[in-house]
*Asks:* 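First the structure, then my questions, so here it is.
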Amino acid sequence: MEPQYEVVWPLGPVVTEEFTPAPRLPDLTGKTVAQLSLGSFRSDDMFALLREELTSRYEGIKFIDQAVIGPIHGLNEREVIAAMPSKLKELGADAAISAVGA
Amino acid sequence: MTAERAGVPSVSLVATTFLRQGQLVASALGITNPGIIEYQGHPTVDSDDVFEGKIRSMTDQVVAAFASEVATNEKSNDPAPRDIVFKGTLDEVQEHFYDQFWSDGMPIVPPTLDRVEEFLRYTDCAPTEVLGALLPENRAATVWNVAVNGVMAGCRPEYMPVLIAVVEAVADPLYRVQDAGSTPGWESLIILNGPIIKELGFHAGPGLMRVGIQANTSVGRFLRLYLRNVAGLRVKKDIATDKGSIAQTFNVVLAENEDACAELGWTPFSVQRGFKPGENVVTVMSEAYLTPPIYTAGDKAAEHAAEIRDIFGGSCSHWAHMGLSQFFPLLMVGPAIAEVFAREGWSKEDLREYLVQNAKMSARSMEEDAYHIAQRRMDLNERVRNGELPASYGESTDPERLVPVFLPTDKDHEIGIVVGGDPGRNQSKGYVQNHRQGIPVSKPVQLPSNWDQLPKKP
């Protein structure tokens with residue numbers, strides 16, 4: 001009879017901290033939207049077009065330029081991401097759009 | 001995800017091929033239905049009209065995503081380390097592991113409890129010790145699952161201290177293991193230094209980068225298997241989390257020829273990495289691509305240096321625009337070539353600095369290479385004016401002006417040099433590192449207190 005092998009799991013447990021997602025925003029009127037750029041693949045062009053579209057739909061909507069936060073993918077991304085929570089709060093961001101994963 | 005955790009609802013635009021990876025990463029970080037909006041296709045190959053049409057049409061989805069509730073993950077029912085997850089014959093184990101995406105497509109050694117425990121004899125670390133969490137799946141790297149994957153890869157138990165050091169290196173945030181599945185398809189390269197090379201039978205001579213020697217091959221395979229199973233970087237047909245476009249596959253361990261270094265009066269690579277000679281050190285770095293074989297001839301160091309400059313520098317030049325951020329290419333110098341340099345009093349540092357000073361390319365080439373990767377306009381003169389680059393990159397506006405391939409050596413830019421290969425040949429080779437992804441990270445190999453008493457095969 002062929003030997004039987006009892007084997008163990010080669011993966012590891014996922015180590016995610018629990019958290020409560022941010023409340024949703026059904027209306028962007030008068031809101032401030034942070035633009036978070038990966039810094040390439042035409043993300044600046046994407047933001048320019050989205051700003052145009054959203055401005056035409058929502059009165060008083062404001063945008064935080066991606067250069068203010070800094071590129072979220074790059075040499076300094078660790079520092080940019082570490083500073084992001086306080087920066088978003090300081091700048092009064094109500095929402096964030098990131099672009100583009102490519 | 002950072003914005004979400006900070007209380008700011010967020011939406012992400014993602015190109016089609018990264019859609020699944022974005023969802024998996026969000027899931028690994030706690031959200032089951034993230035606000036991800038698909039850019040159909042890829043923005044770099046669309047005309048301006050098509051690009052504009054797509055973005056404008058995505059606006060409705062952006063608005064809807066801000067309004068939609070997101071759900072967090074339920075607690076998963078992962079097996080405990082010692083749980084038996086499958087029982088079967090050798091063939092049945094192979095099929096099961098392949099179907100579960102736990103293998104690399106080659107037969108694995110079944111990870112039974114007794115085999116795993118044999119590996120654990122070769123470390124003083126507790127099996128439950130967590131070495132880090134590996135993105136994108138954010139799974140715990142533990143001493144236990146290092147042993148499990150080491151068994152599977154065909155390693156010998158005595159390789160366990162090396163395996164732990166390898167995982168400590170890739171778990172270091174500096175390594176950016178989450179980028180190990182990025183588009184360039186780079187592969188990790190393990191460099192080994194110290195007496196452990198001979199003690200465990202690693203090969204540092206002719207054909208050292210070929211599959212065939214158990215130590216070099218199985219440890220190299222182990223890392224690729226580990227990145228699949230614990231980091232979650234898998235090629236899985238249409239739902240791959242490893243986004244290497246064409247990619248490549250595991251490198252065997254590069255064990256430096258330290259005997260040759262000693263004969264030449266050259267320091268081992270580990271010393272360049274900040275360790276003392278004679279320490280057992282693992283360094284892991286990314287390797288995006290190899291140079292051609294670098295043949296050099298002549299009895300003068302300058303002749304060899306010039307040819308290495310042209311071929312190694314020329315190969316690195318295609319990645320030089322990326323390397324302006326961080327760049328750690330590696331040059332393996334054949335022992336006979338290293339001897340020519342050493343004879344004239346050149347150290348590894350002298351050769352490195354010669355390459356930094358003398359490898360040049362046209363500014364036009366560098367700017368064009370940058371454009372073709374991400375349609376990102378690069379203006380070297382502008383970057384000089386902004387203080388981001390030294391004046392040597394902006395000495396005129398002539399696009400054919402020559403600019404350095406390598407920035408001056410500093411903490412973010414350094415050419416590594418190792419000695420290896422056939423001492424009877426005149427060949428060297430380069431390993432072009434992938435800029436800020438997979439910068440070299442070095443860890444000491446920690447041996448257990450009873451190492452000398454434990455059986456090992458040299």
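Excluded from the calculations below are hydrogen atoms, water molecules and symmetry mates; all remaining heavy atoms, backbone and side chain alike, are included. Letters A, B, ... are given to chains in the order of the sequence lines, protein chains preceding strands, and every chain is numbered from 1.
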*Asks:* Non-hydrogen atoms of chain B under 4.5 Å away: do they reach the side chain of Met46(A), the backbone, both or neither?
*Replies:*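 Contact with chain B involves both backbone and side-chain atoms of Met46(A).
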*Asks:* State which residues pass side-chain hydrogen bond (donor to acceptor under 3.5 Å, both in side chains) with Gln66(A); sequence neighbours excluded, sorted by chain then number.
*Replies:*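 Testing Gln66(A) for side-chain hydrogen bond (donor to acceptor under 3.5 Å, both in side chains), a comparison that skips the adjacent residues, returns Gln35(A), Asp44(A).
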*Asks:* Could you look at Leu88(A) and say if it's the side chain, the backbone, both or neither that has a heavy atom under 4.5 Å from chain B?
*Replies:*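 Leu88(A) touches chain B through side-chain heavy atoms alone.
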*Asks:* Quick check: does any side chain N or O of Asp27(A) sit under 3.5 Å from a backbone N or O of Thr29(A), one acting as donor and the other as acceptor?
*Replies:* yes
*Asks:* Tell me whether Lys54(B) is salt-bridged to Glu38(B), with the criterion being a basic N under 4.0 Å from an acidic carboxylate O.
*Replies:* no
*Asks:* Can you give me the closest heavy-atom contact between Phe66(B) and Arg24(A), atom names plus distance?
*Replies:* O-CB, 3.2 Å
*Asks:* Side chain from CB out, backbone as N, CA, C, O: work out which of these in Val62(B) comes under 4.5 Å of a heavy atom of chain A, or both, or neither.
*Replies:* side chain
*Asks:* Below 4.5 Å from any heavy atom of chain A, which atoms of Tyr39(B) appear? Answer side chain, backbone, both or neither.
*Replies:* side chain
*Asks:* Can you check whether Phe222(B) reaches Met152(B) side chain to side chain, under 4.5 Å on heavy atoms?
*Replies:* no
*Asks:* Who among Leu11(A), Val33(A), Leu25(A) has the most heavy-atom pairs with chain B under 4.5 Å?
*Replies:* Leu11(A)
*Asks:* Identify which part of Val93(B) has an atom lying under 4.5 Å from any heavy atom of chain A, answering side chain, backbone, both or neither.
*Replies:* side chain
*Asks:* Leu49(A) versus chain B, heavy atoms under 4.5 Å apart: side chain, backbone, both or neither?
*Replies:* both
*Asks:* Just verifying a value: how many Å separate Met58(B) CE and Ile97(A) CD1, rounded to the nearest 0.5 Å?
*Replies:*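 If we round to the nearest 0.5 Å, Met58(B):CE and Ile97(A):CD1 are 10.0 Å apart.
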*Asks:* Against chain A, work out which of Val130(B), Leu174(B), Val116(B) has the most heavy-atom pairs shorter than 4.5 Å and name it.
*Replies:*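 When all of Val130(B), Leu174(B), Val116(B) are compared, Leu174(B) has the most.
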*Asks:* Need one label for Arg82(B): side chain, backbone, both or neither, based on atoms under 4.5 Å from any heavy atom in chain A.
*Replies:* backbone
*Asks:* Output yes when a side-chain donor or acceptor of Lys243(B) lies under 3.5 Å from a complementary backbone atom of Phe18(B), and no otherwise.
*Replies:*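 Not a single qualifying donor-acceptor pair exists.
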*Asks:* Between Leu91(A) and Ile69(A), does a side-chain contact (heavy atoms from CB on, under 4.5 Å) hold up when you go through it step by step?
*Replies:* CA-CA 10 Å; Leu91(A) 295 166; Ile69(A) 306 280; 4.0 Å; yes
*Asks:* Given heavy-atom pairs under 4.5 angstrom as the criterion, report whether the side chain, backbone, both or neither of Ile439(B) touches chain A.
*Replies:*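 No part of it gets close to chain A.
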*Asks:* Need one label for Ser68(B): side chain, backbone, both or neither, based on atoms under 4.5 Å from any heavy atom in chain A.
*Replies:* backbone
*Asks:* Begin from the C-alpha positions of Phe97(B) and Asn229(B) and carry the test side-chain contact (heavy atoms from CB on, under 4.5 Å) through to its verdict.
*Replies:* CA-CA 11 Å; Phe97(B) 272 57; Asn229(B) 285 334; over 6 Å; no
*Asks:* For each of Leu19(B), Leu134(B), Asp48(B), Asp91(B), tally heavy-atom pairs with chain A at distances under 4.5 Å, and name the one with the top tally.
*Replies:*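 Top count of heavy-atom pairs under 4.5 Å with chain A: Asp48(B).
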*Asks:* Report the option among Leu113(B), Asp179(B), Thr112(B) that has the most heavy-atom pairs separated by less than 4.5 Å from atoms of chain A.
*Replies:*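 Option with the greatest count: Thr112(B).
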*Asks:* Side chain, backbone, both or neither: which part of Ala65(B) has a heavy atom under 4.5 Å from chain A?
*Replies:*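 For Ala65(B), backbone heavy atoms alone lie under 4.5 Å from chain A.
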*Asks:* Contact between Val177(B) and Asp172(B) at the side-chain level, heavy atoms closer than 4.5 Å - yes or no?
*Replies:* no
*Asks:* Under a 4.5 Å cut-off applied to non-hydrogen side-chain atoms, are Pro107(B) and Tyr98(B) in contact?
*Replies:*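 They are not in contact (no side-chain heavy atoms under 4.5 Å apart), so the answer is no.
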*Asks:* Does any non-hydrogen side-chain atom of Leu90(B) lie less than 4.5 Å from one of Pro110(B)?
*Replies:* yes
*Asks:* Are any of the side-chain heavy atoms of Ser98(A) and Ile72(A) separated by less than 4.5 Å?
*Replies:* yes
*Asks:* Give the member of Pro26(A), Pro85(A), Ala95(A) that has the highest number of heavy-atom pairs under 4.5 Å with chain B.
*Replies:* Ala95(A)
*Asks:* Sub-3.5 Å donor-acceptor pair from the side chain of His413(B) to the main-chain atoms of Ser325(B), do we have one?
*Replies:*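 Yes; at least one donor-acceptor contact below 3.5 Å.
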*Asks:* Between Met1(B) and chain A, with a heavy-atom cut-off of 4.5 Å, which part of the residue counts as in contact: side chain, backbone, both or neither?
*Replies:* side chain
*Asks:* Which bit of Asn77(B) comes within less than 4.5 Å of chain A, counting heavy atoms only: side chain, backbone, both or neither?
*Replies:* neither
*Asks:* Can you tell me which of Thr89(B), Ile36(B), Ile31(B) forms the most heavy-atom pairs within a distance under 4.5 Å of chain A?
*Replies:* Thr89(B)
*Asks:* Does any backbone or side-chain atom of Tyr226(B) lie under 4.5 Å from a heavy atom of chain A? Answer side chain, backbone, both or neither.
*Replies:*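 For Tyr226(B), neither part sits under 4.5 Å from chain A.
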*Asks:* Does any heavy atom of chain A fall under 4.5 Å from the side chain of Val146(B), the backbone, both, or neither of them?
*Replies:* neither
*Asks:* Taking the six-membered ring for Trp and the single ring otherwise, decide whether the centroids of Phe327(B) and His435(B) are under 6.0 Å apart.
*Replies:*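 Centroid distance Phe327(B)-His435(B): not below 6.0 Å, so no.
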*Asks:* Looking at Gly12(A), is its backbone amide N or carbonyl O close enough to the side chain of Arg139(B) to form a donor-acceptor pair, meaning the two atoms are under 3.5 Å apart?
*Replies:*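 Yes; judged by distance alone, with no hydrogens or angles, the pair exists.
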*Asks:* Find the one option among Ala133(B), Pro173(B), Gly22(B), Ser182(B) whose heavy-atom pairs under 4.5 Å with chain A are most numerous.
*Replies:* Pro173(B)
*Asks:* Go through the atoms of Val148(B) and report whether side chain, backbone, both or neither lie under 4.5 Å from a heavy atom of chain A.
*Replies:*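 For Val148(B), the contact with chain A is made by the side chain alone.
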*Asks:* Can you name the residues of residues 2-9 of chain A that have some heavy atom under 4.5 Å away from a heavy atom in chain B?
*Replies:* Glu2(A), Pro3(A), Gln4(A), Tyr5(A), Glu6(A), Val7(A), Val8(A), Trp9(A)
*Asks:* Considering residues at least two apart in sequence or located in another chain, which fulfil the side-chain hydrogen bond (donor to acceptor under 3.5 Å, both in side chains) criterion with Asn138(B)?
*Replies:* none
*Asks:* Does any N or O in the side chain of Arg228(B) come within less than 3.5 Å of the main-chain N or O of Leu233(B), such that one atom is a donor and the other an acceptor?
*Replies:*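 Here the side-chain-to-backbone pair does not exist.
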*Asks:* If you round to the nearest 0.5 Å, how far is CH2 of Trp144(B) from CD of Glu129(B)?
*Replies:* 15.0 Å
*Asks:* Which bit of Gln100(B) comes within less than 4.5 Å of chain A, counting heavy atoms only: side chain, backbone, both or neither?
*Replies:*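 Neither part, no heavy atoms under 4.5 Å.
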*Asks:* Taking side chain as C-beta onward, heavy atoms only, is Val14(B) less than 4.5 Å from Ile37(B)?
*Replies:*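 A side-chain contact is absent here, since even the closest heavy-atom pair is not under 4.5 Å.
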*Asks:* Using only non-hydrogen atoms and a strict under-4.5 angstrom cutoff, which residues of residues 53-62 of chain A touch chain B?
*Replies:* Glu53(A), Leu54(A), Arg57(A), Tyr58(A)
*Asks:* Check each atom of Thr142(B) against the heavy atoms of chain A and say whether the ones under 4.5 Å are side chain, backbone, both or neither.
*Replies:* neither
*Asks:* If you tally heavy-atom pairs under 4.5 Å against chain B, which of Ala48(A), Ala99(A), Pro13(A) wins?
*Replies:*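 Winner by heavy-atom pair count: Pro13(A).
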*Asks:* Are Arg56(B) and Glu52(A) close enough for a salt bridge, meaning some N to O gap below 4.0 Å?
*Replies:* yes
*Asks:* Hey, is the main chain of Ala141(B) close enough, under 3.5 Å, to the side chain of Asn145(B) for a donor-acceptor pair?
*Replies:*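 No, the answer is negative, given that no donor and acceptor are paired below the 3.5 Å cut-off.
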